[in-house]
Amino acid sequence: MSIVEQTKNKIIEEIKQAVVASGMVESEQIPDFVLEIPKEKSHGDYATNIAMQLTRIARKNPRQIAESIVGHLNKEAASVSKVEIAGPGFINFYMDNSYLTGVIGQILEAGETYGKTNAGGGKKVQVEFVSANPTGDLHLGHARGAAFGDALCNVLDMAGYDVSREYYINDAGNQIVNLARSIEARYFQALGRDMEMPEDGYFGKDIIEFGKELAERHGDKYANMSPEERFVFFRNWGRDKELEKIKKDLADFRVYFDDWFSETSLYEQGLVEQSVEELRKRGYVYEQDGATWLRSTEFGDDKDRVLVKQDGTYTYLTPDIAYHENKFSRGFEQLINIWGADHHGYIPRMKAAMQCLGHNPEQLVVLINQMVSLYQGGEKVKMSKRTGKAVTMRDLMEEVGTDATRYFFTMRSQDAHLDFDMDLAVSKSNENPVFYVQYAHARICSIFRQAEEQGITFQPDKGEFIRLTSEKEVDLLKHLGAFPQEIAAAAEMLAPHRIVRYVHELASMLHSFYNAERVITEDEGLTQARLALMKAVQTTLANALRLLGVSAPQKM
RNA sequence: GUCCCAGUAGCUCAGUUGGAUAGAGCAACGGCCUUCUAAGCCGUGUGUCGGGAGUUCGAAUCUCUCCUGGGACGCCA
């Protein structure tokens with residue numbers, strides 16, 4: 001446990017004892033209250049609202065209650081130097097901040113692992129994200145999902161959850177048939193023969209390239225095959241080709257998966273059929289109009305859903321039920337799916353299906369990534385699936401860079417629409433927030449280079465840390481100490497964008513300190529103490545950026 | 001028509017699960033480099049928190065209702 005957390009817990013403990021000692025309520029009756037760091041510095045280092053929370057039980061006005069609590073508070077035990085009552089009844093605590101320097105030692109010792117907690121208690125969580133059909137390039141929406149999902153996994157991992165990252169490959173449905181037909185058409189076109197693209201075909205430029213590639217390498221070899229044989233070849237070749245490209249794109253985006261789960265494998269193991277049978281056994285399946293239905297309305301869905309169509313094939317839902325059942329069978333306690341906004345209507349039926357199979361619907365959390373609008377030159381960039389004119393994730397990485405793209409996508413809460421300003425992201429100027437944070441890291445690296453040039457060896461001495469008492473130094477120490485709890489909160493709230501805010505604030509404090517004080521001075525002890533502080537900030541910046549998938553450059 | 005998400009400064013967005021005078025970046029203006037990187041710092045101001053009603057010591061946050069924008073409502077995936 002971090003020193004900051006220990007100190008905070010101690011204050012909470014002392015408050016509770018003071019409340020009981022004041023004789024207002026028994027310890028079991030103490031209501032929920034918060035001990036928070038006030039926004040306003042003039043409100044102390046910590047503040048609590050307990051007096052207001054007690055008004056109803058104690059039947060006194062909050063200021064009187066606060067007086068009574070303060071009168072019974074053991075200040076020494078809570079390492080509090082001063083207490084004030086303010087506003088409607090807040091109790092403000094002013095701390096003896098010397099304990100804060102302890103965080104430096106903790107950070108230097110922990111290094112890359114600073115920020116790690118066991119808040120998640122090793123809970124087995126699976127996060128499924130991206131899961132784009134292997135039928136074309138990853139686009140903007142996928143990039144957002146990838147950046148958000150990966151950052152979320154990193155945060156969960158750091159907060160002590162046992163995280164597994166998974167990509168579901170939809171390689172069994174109609175879309176893969178359309179892929180084969182599209183490649184076939186492009187191949188014949190590349191050979192100079194007429195063939196129309198299928199109605200639901202994929203019009204991306206990548207498919208055109210595939211056609212050319214096959215025509216150049218193998219000439220009319222496939223044109224001479226039987227249509228059936230040709231279809232199978234194009235289907236498998238196209239799927240592998242698309243997957244390879246997706247994996248490459250994601251790797252370049254610094255996103256990796258523990259498992260790539262194939263839809264086809266569900267069929268091969270008979271799991272789809274098995275799930276339908278299980279649902280039938282549980283009494284949630286019926287036949288009507290020549291189709292097989294799931295009684296999903298039983299669990300809050302708008303209408304019942306078809307599992308097996310009139311033509312005997314499955315709907316998209318059916319293998320997906322089998323897939324989720326399979327996830328549970330692998331022992332995951334919590335499933336998190338990250339879906340695009342266009343799939344949100346699908347959530348109730350999936351949850352209903354899970355309940356039909358006897359699962360608690362709360363074990364499945366679906367996070368929706370809202371739409372991304374791209375702006376360039378002040379205008380919204382138009383996308384068209386039909387013509388294949390869409391900005392791909394690859395385009396973004398090449399034009400904007402991985403660091404800026406990932407930072408921008410993680411910067412915002414994922415359930416809000418995002419306007420992505422390409423001109424801003426691409427600009428190498430102070431308008432660009434990602435540089436601001438990276439620059440803080442590079443600046444510290446530069447200080448250490450400078451120290452080395454001057455023949456100073458970094459030898460942190462804990463005895464000197466008490467000299468870090470300036471306002472900027474205390475700000476930094478407090479913020480550094482809050483990092484582990486910040487990660488735990490981000491994990492709990494499934495909100496990695498909180499880390500972006502945290503790291504931006506830390507960078508801001510560093511820049512502010514940098515302009516106010518000098519690290520390398522004639523005073524050896526102070527120099528060492530400040531170098532140690534800088535090392536702690538550098539480590540924390542790097543750890544936070546790593547969670548976001550953004551690099552921490554040595555130089556800029 | 002039903003459901004989901006959103007509506008906060010000129011723009012893009014935060015808002016620590018109901019707290020004190022609602023914040024940040026960008027944009028605007030004025031200062032700061034013979035000293036560790038000026039991609040930086042310091043200062044200046046801007047709000048009917050979409051409207052209305054309610055809940056209470058206290059509401060951007062919770063409830064209801066209405067308005068606006070986006071999305072979803074297939075035996076497509």
Side-chain angles (χ1 to χ4, degrees), chain A residues 34 36-40 42-43 47-49 51-53 55-56 61-63 86-90 92 133 135 170 173-176 178 200 289-293 302-303 305-311 313-317 320 340-348 368 370-371 373 375 411-413 415-421 424 427-440 442-451 453-454 482 485-486 489-490 492-493 495 497-498 500-502 504-505 507-508 510-521 527 530-531 534 555-556:
Chain A
V34 290
E36 60 177 3
I37 298 172
K39 283 176 280 200
E40 200 70 38
S42 61
H43 296 146
T48 182
N49 64 346
M52 278 95 85
Q53 298 297 340
T55 47
R56 217 164 311 158
N61 84 53
R63 295 207 52 125
F90 286 100
N92 296 336
N133 292 342
T135 54
N170 287 107
N174 261 332
Q175 74 281 1
I176 215 81
N178 287 328
D200 302 320
D289 305 331
T292 303
W293 295 72
D302 292 349
K303 46 184 114 169
R305 305 293 169 178
V306 171
L307 292 173
V308 185
K309 293 182 259 180
Q310 280 182 340
D311 66 4
T313 62
Y314 294 113
T315 60
Y316 178 78
L317 176 66
D320 216 16
D342 52 342
H343 281 72
H344 91 256
Y346 191 76
I347 300 174
I368 291 298
Q370 290 297 335
M371 310 283 288
S373 304
Y375 287 82
M411 193 159 53
R412 300 283 144 75
S413 157
D415 58 8
H417 299 241
L418 177 74
D419 286 338
F420 194 105
D421 183 343
L424 176 61
S427 73
K428 295 239 189 296
S429 76
N430 58 350
E431 293 170 28
N432 199 333
V434 64
F435 292 123
Y436 182 82
V437 178
Q438 290 182 315
Y439 184 49
R443 259 188 159 169
I444 296 173
C445 294
S446 172
I447 294 173
F448 277 96
R449 279 193 299 270
Q450 194 71 27
E453 273 174 34
Q454 294 182 24
Q485 281 69 54
E486 191 58 39
E492 158 113 38
M493 298 165 80
H497 71 275
R498 292 176 61 103
V500 175
R501 201 176 73 229
Y502 174 88
H504 189 273
E505 281 167 359
S508 168
L510 183 277
H511 288 309
S512 184
F513 163 81
Y514 185 93
N515 278 275
E517 319 275 0
R518 290 192 61 79
V519 174
I520 300 168
T521 60
T527 299
R530 285 186 170 163
L531 280 175
M534 289 301 101
K555 243 184 213 181
M556 284 176 78

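Residue numbers begin at 1 in each chain, while the letters A, B, ... track the order of the sequences.
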Rounded [atom1] spacing from [N] to [M] in Å:
N: B:G15; M: B:C62; atom1: P; value: 12 Å
N: B:G43; M: B:U37; atom1: P; value: 24 Å
N: B:G50; M: B:U56; atom1: P; value: 23 Å
N: B:U68; M: B:U8; atom1: C1'; value: 15 Å
N: B:U55; M: B:C11; atom1: C1'; value: 36 Å
N: B:G45; M: B:G51; atom1: P; value: 25 Å
N: B:G23; M: B:U46; atom1: C1'; value: 13 Å
N: B:A59; M: B:G74; atom1: P; value: 43 Å

So which nucleotide does [N] pair with, by the Watson-Crick or G-U wobble rule with both distances under 3.5 Å?
N: B:G1; answer: B:C73
N: B:C49; answer: none
N: B:C11; answer: B:G25
N: B:G40; answer: B:C32
N: B:U56; answer: none
N: B:A6; answer: B:U68

Sugar-phosphate, base or nothing in reach of [X], heavy atoms under 4.0 Å:
X: A:Y346; result: base
X: A:R518; result: base
X: A:E517; result: base
X: A:D302; result: nothing
X: A:K303; result: sugar-phosphate
X: A:T315; result: sugar-phosphate
X: A:A291; result: base
X: A:A442; result: base
X: A:M411; result: nothing
X: A:N92; result: base
X: A:S413; result: sugar-phosphate

Which heavy atom in A:Y436 sits nearest to a heavy atom in A:H511, and how many Å separate them?
-> O-NE2, 3.1 Å
Measuring from the side chain of [X] (C-beta onward, heavy atoms only), which nucleotide among [options] has the closest atom?
X: A:R412; options: B:A20, B:U12, B:U17; value: B:U12
X: A:A47; options: B:C57, B:G40, B:A20; value: B:A20
X: A:A86; options: B:A20, B:A77, B:C4; value: B:A20
X: A:Y436; options: B:C36, B:G74, B:G40; value: B:G40
X: A:D289; options: B:G19, B:C75, B:C36; value: B:C75
X: A:H343; options: B:U37, B:C57, B:A77; value: B:A77
X: A:W293; options: B:U12, B:A77, B:C75; value: B:C75
X: A:S512; options: B:G74, B:G71, B:C42; value: B:C42
X: A:K555; options: B:A77, B:C75, B:U37; value: B:U37
X: A:A416; options: B:C36, B:A14, B:A77; value: B:A14

If I take atom [atom1] in residue [X] and atom [atom2] in nucleotide [N], what distance separates them, rounded to the nearest angstrom?
X: A:H344; N: B:C3; atom1: NE2; atom2: C1'; value: 6 Å
X: A:Q370; N: B:A72; atom1: CD; atom2: C1'; value: 10 Å
X: A:I347; N: B:A72; atom1: CD1; atom2: C1'; value: 10 Å

[X] side chain near [N] phosphate (N/O to OP1/OP2, under 4.0 Å):
X: A:R443; N: B:A39; value: no
X: A:H497; N: B:G15; value: yes
X: A:N515; N: B:G40; value: no
X: A:K309; N: B:C76; value: yes
X: A:Y514; N: B:A39; value: no
X: A:T313; N: B:C75; value: no

If you measure from the ring centre of [X] to the centre of the six-membered ring in the base of [N], is it under 5.5 Å, with the planes under 30° apart?
X: A:H511; N: B:A38; answer: no
X: A:H43; N: B:A20; answer: yes
X: A:F90; N: B:A20; answer: yes

Donor-acceptor pair present, [X] side chain and [N] base, under 3.5 Å:
X: A:Q53; N: B:G18; answer: no
X: A:D320; N: B:A77; answer: no
X: A:N49; N: B:G19; answer: yes

Looking at the angle O4'-C1'-N9-C4 for a purine or O4'-C1'-N1-C2 for a pyrimidine, is B:U8 syn or anti, with syn meaning within 90° of 0?
-> anti
Does B:C13 fall in syn (glycosidic angle within 90° of 0) or anti?
-> anti
Student check: side-chain heavy atoms of [X] and [Y] closer than 4.5 Å:
X: A:L531; Y: A:I447; result: yes
X: A:W293; Y: A:L307; result: no
X: A:R443; Y: A:Y514; result: yes

Closest nucleotide of RNA chain B for A:H504 versus for A:M371: which of these residues is on the 5' side?
-> A:H504
Toward the 5' end of RNA chain B, by each residue's nearest nucleotide, A:G345 or A:V34 =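 Residue closer to the 5' terminus by nearest nucleotide: A:V34.
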How many angstroms lie between atom OG1 of A:T292 and atom CD of A:Q310, to the nearest 0.5 angstrom?
->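 A:T292 atom OG1 to A:Q310 atom CD measures 10.5 Å (nearest 0.5 Å).
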When rounded to the nearest 0.5 angstrom, what distance separates CD1 in A:I368 from CD1 in A:I347?
-> 4.0 Å
Side chain to side chain contact (heavy atoms under 4.5 Å, CB included), paired with A:I520, selected from A:M534, A:Q450, A:E453, A:R530 =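 Considering A:M534, A:Q450, A:E453, A:R530, a side chain to side chain contact (heavy atoms under 4.5 Å, CB included) with A:I520 is found only for A:Q450.
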Step by step, work out the side chain to side chain contact (heavy atoms under 4.5 Å, CB included) result for A:F420 and A:R412.
-> CA-CA 11 Å; A:F420 194 105; A:R412 300 283 144 75; over 6 Å; no
